[in-house]
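Structure first, then comments.
The sequence lines fix the lettering, A, B, ..., with proteins before strands; numbering per chain opens at 1.
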There are 2 protein chains.
Amino acid sequence: MNVGGQSLEFILVKFPSLELSESLLRNSLKRREFVTVAGNCECRYTGRASSHLGWGERLILIKGDGSIQVHRPKGYEPVNWQPPQCNFYVHRSGGLLFIEAHRRRPRESLTLNFDRIIFYSSFKPVDNAEFNLYVSEEQMRDALIRDPSILEDGLELVDFERKVEPGFIDFYGRDADGRLVIVELKRSQAGKEAILQLKRYVDAVLKITGQNVRGVLAAPRLKSGAQGLLVELGLEFRRLTPRKCAEVLKKSGTRKISEFI
Amino acid sequence: MNVGGQSLEFILVKFPSLELSESLLRNSLKRREFVTVAGNCECRYTGRASSHLGWGERLILIKGDGSIQVHRPKGYEPVNWQPPQCNFYVHRSGGLLFIEAHRRRPRESLTLNFDRIIFYSSFKPVDNAEFNLYVSEEQMRDALIRDPSILEDGLELVDFERKVEPGFIDFYGRDADGRLVIVELKRSQAGKEAILQLKRYVDAVLKITGQNVRGVLAAPRLKSGAQGLLVELGLEFRRLTPRKCAEVLKKSGTRKISEFI
DNA sequence: GCCTAGGTCCCGTGT
DNA sequence: ACACGGGGCCTAGGC
């Protein structure tokens, strides 16, 4: 595609026969095109689990990376799918068109059989654009590293992504009074999971260093009901928003962010 | 659709102008049809996070339930999306076609602008089929309820989905020696999260009852490395497979299962 | 409305 | 290869 409006290996067919659909599919799969098929079908999946979906009209996407998804008329998520790197097999039998998508590791397969195709489309989209997402938890950590004072005056970085037994500590620092501070970051509101995660880190560091350790949960806000557990476990909460972090990143010279805040 | 091969409000257009695309879209959105659009576009999202995706050729699905997804040529997951119940706004400006999808709670919006449409399709799929999935964790719980002995001789049900402070206990029972048993089920291999989840329940029940409580993790297998934590926390592992559970369900009269094992 | 937990989660990253 | 944690996770079920 992308040839000034001129069709380049772009196929669009209304009500193709199963025979035609079969040959179009074989061709598109070989060329690793982006295939869109609407049709009346039945779906069976077996692998990590098993499923069956009776006859109905759906839209199927097959991408050049070997992923497939079956979309019903409602619902954000596909009803059946396979992640990239599947092997596809197409054949006709008993007046039906079969599409099979097989995967190893885990070993599983998805089989669709069609009795009617509503439309068939295939093309090779040209898409080399960069995708940027703001602000991830990782970027919040970067902001905190660049300016720990956004969390608390006098806070200083000692280390980040420090490995202790239960996992990785987002931010490991020292406060104005010289006490160790462990910070657990959450991009959105923090719940019990985050609190317990922080507690594990605090316990682990206490065990290793023997020193007094502060555990600080930094997030836009606490989920209601989490406050109790936090206090009970002797931990602290500090409000930290993605927006604030974005400002820090912008100020400290990271471009790209600027257009989005 | 579904009228013996006859087109009923089914539209398929190759290279529609932006003007035509706009009017087709307005119509389809009003009728809550399933829309498939391929075109060259730029995408901006803002809400729980923010993102920008430069120009490129993609496939967009808009469903009658108000969900939208933008698919790049690779990757199982859409690069941008909105879940069901969005409000859509379509307009043309500066030689571009804009599609906006807005959501409240959380407040967020996705905006696509196109400079070229490769194809446009809309139809109203007829799909009333039942979807059945085997074997879910819930079904494994049902099997364990019907025959607790599959986990351990003498085990008896006391309650299930019992609410304690941290959450819901899958299976709450009593062993041959009269001790309380808390079972955490996993349909696939269990890792640290499952162990910690179980530990929370055990602690909570211990606190409430003051009795000796056994914590049992039931899953097809443990992830390597999880064994240590399990032992450390004084918990037990029992192998339980979906297959075994399916057999119990089949024996105890649940149909449908039979075709999938 | 919030919270909790499951999912054929997917996916990136590290060991 | 496998384990671990994040995700704009989405979705279902309880309260």
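Within the nucleic acid shown, B:G167 comes within 4.0 Å of sugar-phosphate atoms alone, with no base atom in reach, counting heavy atoms only. Looking at heavy-atom distances under 4.0 Å, B:Y201 makes contact with sugar-phosphate atoms alone, never a base. Residue contacts shown for B:E108 include a base, since a base heavy atom lies under 4.0 Å away. Contact annotation for B:Q197: backbone-only contact, meaning every heavy-atom pair under 4.0 Å involves sugar-phosphate atoms and none involves a base. As judged by a 4.0 angstrom heavy-atom cut-off over every strand, B:P78 is placed among residues making no nucleic acid contact. Residue B:Q69 is classed as having no contact, given no heavy-atom separation below 4.0 Å to the nucleic acid. B:V164 comes within 4.0 angstrom of nothing in the nucleic acid, heavy atoms only. Here A:P242 lies out of heavy-atom contact (under 4.0 Å) with every strand.
When the P atom of C:dG6 is taken as reference, atom CZ of B:F171 falls 17 Å away, rounded to whole Å. Rounded to a whole Å, the CD atom of A:E77 is 12 Å from the P atom of C:dC9. With rounding to whole Å, A:R48 atom CZ is found 4 Å from C:dC10 atom P. Note: CD (B:E193) to P (D:dG5) measures 6 Å, nearest angstrom. Here the P atom of nucleotide C:dC10 and the CG atom of A:D65 are 13 Å apart, to the nearest Å. Rounded to whole Å, the distance from CD on A:Q85 to C1' on C:dC10 is 13 Å. Atom pair B:D170:CG and C:dT4:C1' shows a separation of 12 Å (rounding to whole Å applied). If you take CE of B:M140 and P of C:dG6, they are 12 Å apart, rounded to a whole angstrom.
Atom CZ of B:F171 sits about 4.5 Å away from atom CG of B:L144, to the nearest 0.5 Å. Here A:E100 contributes atom CD and A:N87 contributes atom CG; the two are 11.0 Å apart, rounded to the nearest 0.5 Å. Considering CE of A:M140 and CD of A:E137, their distance stands at 7.5 Å, rounded to 0.5 Å.
With salt bridges taken as basic N to acidic carboxylate O contacts below 4.0 Å, none links B:E193 and B:K186. A salt bridge between A:R103 and A:E108 is present, with a side-chain N of the basic residue lying under 4.0 Å from a carboxylate O of the acidic one.
Taking for each of A:A49 and A:P84 the nucleotide of DNA chain C with the nearest heavy atom, the 5'-most of the two is the partner of A:A49. Each of A:E137 and B:K163 has a nearest nucleotide on DNA chain D; the 5'-most of these lies closest to A:E137.
Between B:H71 and A:L61, the closest side-chain pair of non-hydrogen atoms falls below 4.5 Å.
Taking atom C1' in both C:dC9 and C:dA5, the straight-line distance is 13 Å, to the nearest Å. Nucleotides C:dT8 and C:dT4, compared at atom P, are 22 Å apart to the nearest Å. D:dC4 and D:dG8 have their P atoms separated by 23 Å, with the value rounded to a whole Å.
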Check nucleotides 1-3 of chain D against the protein and report each pair of N or O atoms closer than 3.5 Å, with its distance, or say if there are none.
unit_1: D:dA1; atom_1: OP2; unit_2: A:R105; atom_2: NH2; d: 3.1
unit_1: D:dA1; atom_1: O5'; unit_2: A:R105; atom_2: NE; d: 3.4
unit_1: D:dA3; atom_1: OP1; unit_2: B:S224; atom_2: N; d: 2.8
unit_1: D:dA3; atom_1: OP1; unit_2: B:S224; atom_2: OG; d: 3.4
unit_1: D:dA3; atom_1: OP2; unit_2: B:Q189; atom_2: OE1; d: 2.9

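The aromatic ring of A:W81 is stacked on the base of C:dT8, with the two ring centres less than 5.5 Å apart and the planes inclined by under 30°. For the pair A:Y45 and C:dT8, the ring geometry qualifies as stacking, because the centroid separation is below 5.5 Å while the planes lie within an angle under 30°.
Under the Watson-Crick or G-U wobble criterion, with both distances below 3.5 Å, D:dC10 is paired with C:dG6.
For the side-chain contact (heavy atoms from CB on, under 4.5 Å) with A:R214, the lone residue among A:L180, A:V183, A:V181 that qualifies is A:V181.
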Task: Verdict with supporting geometry, B:R72 and A:F131, side chain to side chain contact (heavy atoms under 4.5 Å, CB included) - done: CA-CA 11 Å; B:R72 303 188 77 173; A:F131 176 71; 3.9 Å; yes
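At the phosphate of C:dT4, neither OP1 nor OP2 sits under 4.0 Å from any side-chain N or O atom of B:R200. Residue B:R141 places no side-chain N or O under 4.0 Å from the OP1 or OP2 atom of C:dG6.
In this structure, B:H102 and B:Y89 have perpendicular ring planes: the angle between them is above 60°, well past the 30° mark.
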